[in-house]
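Here the structure is a predicted model, which is why all the values come from computation and not from measurement.
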Amino acid sequence: MKISRKYQLPAQKLDFVNINLAKDNKIFIDPVKIKNGTSEIHKTCYKKIDSFIQILLELSRKREYKKLLEIIDNFHERNETRLGYSLESTYGKSFGENGGRDLVKLLAKNEMVSNGEVEDIFDCLIMVPNIGEDKVSDLITTIIFLDLIKYTQEQCNLWKIEMKNVSISKLCWNADNETWIKVKKQLPIDERKTSSICS
């Protein structure tokens, strides 16, 4: 069932992806589109993505690999968005469990990092072998998840969609204090799966 049908919304007027709640939507978040976007949410999200990558690069240059691993190990697939392969376990592990550790290994031994030649997320992603659009999307989603929640709340208020208090099971990245935090937020609920929906 499409989200527009569930809440009786005009699909052509929606500012967000009209996802199917019953299955995965093979749609992925693209960092290039975020960087090139002109809206405030594009600018805010890209700033946080870039800031996060700079933290990883700085830790790598300082050889603080333990702290680097602690940060990356908190990357997870965010099932709440219903994007990518989040509902299908056959597509492998999340970025944090697989690609994240690969990235740490590359950052640790790559002279381009220590020389300051790696500057942004695009440089980092190029370094990781066999990274697909699904894991890139996982990475981006994890960094900007709190912004996606805020956007979802705004859309729910606009379309008068009921929300309930939800304890987010996985930690969320707080860009203000540069740490992972536990959060409880108002979000729409898909009763059939008893899980939140985040646009």
- Task: Given side-chain contact (heavy atoms from CB on, under 4.5 Å), test Thr141 with Asp138 step by step and report yes or no.
- Result: CA-CA 5 Å; Thr141 301; Asp138 286 345; 5.6 Å; no

- Query: After noting the C-alpha distance and the side-chain angles of Thr81 and Ile29, does the key distance pass the side-chain contact (heavy atoms from CB on, under 4.5 Å) rule?
  - Reply: CA-CA 10 Å; Thr81 64; Ile29 295 180; 5.8 Å; no

- side-chain contact (heavy atoms from CB on, under 4.5 Å) between Phe75 and Ile143, intermediate numbers included: CA-CA 9 Å; Phe75 279 119; Ile143 298 171; 4.0 Å; yes

- Pairing residues for Thr179 by the side chain to side chain contact (heavy atoms under 4.5 Å, CB included) criterion, not counting sequence neighbours: Asn177, Ile181

- Are the side chain of Lys185 and the backbone of Val166 linked by a donor-acceptor contact shorter than 3.5 Å? no

- Message: Checking the side chain of Asn20 only, and the main-chain atoms of Met1 only, is there a donor and an acceptor separated by less than 3.5 Å?
- Response: yes

- For Phe145 and Glu80, what are the C-alpha separation, side-chain angles and deciding distance, and is it a side-chain contact (heavy atoms from CB on, under 4.5 Å)? CA-CA 10 Å; Phe145 193 67; Glu80 299 92 342; 3.6 Å; yes

- Note on the structure: All heavy atoms of Ser60 vs all of Tyr65, minimum pair found to be O-OH, 3.7 Å

- Message: For a quick test of reading the model, state the closest non-hydrogen atom pair linking Ile49 to Ile140 and the distance between them.
- Response: CD1-CG2, 3.7 Å

- Item | Pairwise side-chain contact, Met163 with Asn157, heavy-atom cut-off 4.5 Å (strictly under) | yes

- Task: Check whether any side-chain heavy atom of Trp180 lies under 4.5 Å from a side-chain heavy atom of Thr142, and answer yes or no.
- Result: yes

- How are the rings of Tyr46 and Phe122 set relative to one another: parallel (under 30°), tilted (30 to 60°) or perpendicular (over 60°)? parallel

- Task: With sequence neighbours excluded, tell me which residues meet ring-ring contact (aromatic ring centres under 6.0 Å, His included) with Trp159.
- Result: none

- Task: Quick one: list whatever passes salt bridge (charged side-chain N to carboxylate O under 4.0 Å, His left out) with Glu70, sequence neighbours left out.
- Result: none

